[in-house]
Amino acid sequence: MKAELTSKGFEELLTPEQVDEAMKKSGTTLLMINSVCGCSAGTARPGVILAVQHATKKPDHLTTSFAGFDVAAVQQARTYLMPYPPSSPAIALLKDGQVVHMIERHMIEGRPAQMIAANLMEAFEQYC
C-alpha cells in the first residue's frame, strides 16, 4: 500500500522532521495521508495517482505518510491540516504550507477513484 504511491513519485514522510521539511517547501504540495482502510483508501490511492498522471497542472511536491505506521509523522502532518480533524485517508493540497484544498475520509467513502481524481484535478487547475 505504501509502494502504490511511492512507486509513482510520492515522497514518503516517515518522521516529524521530514514532515516539517516538506511543509516548508515553497509552491504546492500534495499530501496523501494513507491508510489500510479497504473501502476508502482503496479508492483514494488510485484517485490520487490518476489525478497526478492526467492533470495538466500538477503540484510541485508529492508526499505521503501512512496512518497507523508512521504515527509520529502523521501526527505532525495533521498539525499543518488544522482546523480539519484527523482523518485517514485524507488528501490535502497545500500552497506555501497552507491548506487550500482538503478531501477528508467522509468525502472519499463510497466514491470511485475517478471522482476523487476529478476533484483533485479541479483543485490543481485552481492552485497549481
Side-chain angles (χ1 to χ4, degrees):
M1 289 183 211
K2 284 184 171 206
E4 191 172 352
L5 294 169
T6 57
S7 69
K8 302 296 183 194
F10 282 74
E11 175 190 359
E12 194 170 23
L13 306 177
L14 302 173
T15 68
E17 295 78 19
Q18 288 175 321
V19 170
D20 289 339
E21 283 302 310
M23 296 302 119
K24 287 179 188 174
K25 292 180 180 176
S26 64
T28 51
T29 300
L30 184 64
L31 170 63
M32 167 70 187
I33 302 288
N34 203 346
S35 136
V36 294
C37 172
C39 56
S40 296
T43 59
R45 285 187 301 271
V48 167
I49 292 166
L50 279 171
V52 170
Q53 289 177 334
H54 298 290
T56 54
K57 291 184 176 181
K58 300 177 187 197
D60 299 310
H61 313 284
L62 305 173
T63 62
T64 185
S65 200
F66 206 114
F69 291 94
D70 310 320
V71 177
V74 170
Q75 184 177 17
Q76 184 65 15
R78 287 177 172 156
T79 67
Y80 290 92
L81 305 180
M82 297 298 282
Y84 295 96
S87 175
S88 59
I91 308 161
L93 182 63
L94 299 96
K95 188 165 188 170
D96 298 325
Q98 301 297 311
V99 177
V100 293
H101 188 75
M102 182 74 172
I103 302 176
E104 299 172 85
R105 178 188 176 116
H106 70 88
M107 301 163 76
I108 296 168
E109 291 175 321
R111 289 171 179 81
Q114 295 80 1
M115 185 178 286
I116 295 162
N119 180 307
L120 286 170
M121 288 189 289
E122 285 180 27
F124 297 169
E125 281 296 317
Q126 185 174 356
Y127 297 107
C128 296

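Fair warning: this is a prediction, and the values are worked out from it, not measured in the lab.
Distance check: His101 NE2 to Leu30 CG gives 9.5 Å after rounding to the nearest 0.5 Å. The structure places OG of Ser7 at 6.5 Å from CD1 of Ile49, a figure rounded to the nearest 0.5 Å. If you take CD on Gln76 and CD on Gln18, they are separated by 12.0 Å, rounding to the nearest 0.5 Å. Here the CZ atom belonging to Arg78 is positioned 8.5 Å from the CG atom belonging to Leu81, to the nearest 0.5 angstrom. One distance of note links CD1 of Ile103 with CE of Met32; it measures 9.5 Å at 0.5 Å rounding. Here the straight-line distance linking atom CE of Met107 with atom OG of Ser40 works out to 12.5 Å at 0.5 Å rounding.
Side-chain contact check for Ile91 versus Ile108: some heavy-atom pair is nearer than 4.5 Å. The shortest distance between side-chain heavy atoms of Leu5 and Phe66 does not fall below 4.5 Å. You'll find the side chain of Val48 reaches within 4.5 Å of the side chain of Phe10, heavy atoms only. Counting heavy atoms from C-beta on, the side chains of Leu31 and Leu13 come closer than 4.5 Å. Taking 4.5 Å as the limit, every side-chain heavy atom of Ser65 sits out of range of all side-chain heavy atoms of Glu12. No side-chain heavy atom of Val74 sits under 4.5 Å from any side-chain heavy atom of Ser88. Contact annotation: the side chain of Leu94 approaches that of Met23 to within less than 4.5 Å [non-hydrogen atoms, C-beta and beyond]. Residues Thr63 and Lys25 form no side-chain contact, since every pair of their non-hydrogen atoms from C-beta on lies 4.5 Å or further apart.
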Full working for side-chain contact (heavy atoms from CB on, under 4.5 Å) between Leu62 and Lys8: CA-CA 9 Å; Leu62 305 173; Lys8 302 296 183 194; over 6 Å; no
Check against side-chain contact (heavy atoms from CB on, under 4.5 Å), Met121 and His54: CA-CA 8 Å; Met121 288 189 289; His54 298 290; 4.1 Å; yes
Verdict with reasoning, Gln126 to Leu93, per side-chain contact (heavy atoms from CB on, under 4.5 Å): CA-CA 11 Å; Gln126 185 174 356; Leu93 182 63; over 6 Å; no
Full working for side-chain contact (heavy atoms from CB on, under 4.5 Å) between Thr43 and Arg111: CA-CA 7 Å; Thr43 59; Arg111 289 171 179 81; 5.7 Å; no
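Of all non-hydrogen atoms in Ala67 and Ile33, the two that sit nearest each other are CB-CG2, 4.1 Å. In this structure, Val19 and Ala73 approach most closely via the heavy-atom pair CG2-O, 3.4 Å. In terms of heavy atoms, Ser87 sits closest to Pro89 at OG-O, 3.2 Å. Closest of all the heavy-atom pairs between Ala113 and Pro46 is CB-CB, 3.8 Å.
Side-chain atoms of Thr28 never come within 3.5 Å of backbone atoms of Cys128 as a donor-acceptor pair (strictly under, hydrogens ignored). Side-chain atoms of Lys57 do not come within 3.5 Å of backbone N or O of Phe124 as any donor-acceptor pair. Using modelled atom types, one side-chain atom of Arg45 and one backbone atom of Ser35 make a donor-acceptor pair closer than 3.5 Å. Remark: the backbone N or O of Met1 is paired with a side-chain donor or acceptor of Asn34 at under 3.5 angstrom.
Following chains of ILVMFWY side-chain contacts shorter than 4.5 Å, one can reach Tyr80 starting from Tyr84, so the two form part of one hydrophobic cluster. Connection of Val100 to Val52 is established within a shared hydrophobic cluster, with ILVMFWY side chains joined at heavy-atom distances below 4.5 Å, either directly or through further cluster members.
Within 6.0 Å of CD on Gln75 lie no more than 12 heavy atoms contributed by other residues, nucleotides or ligands.
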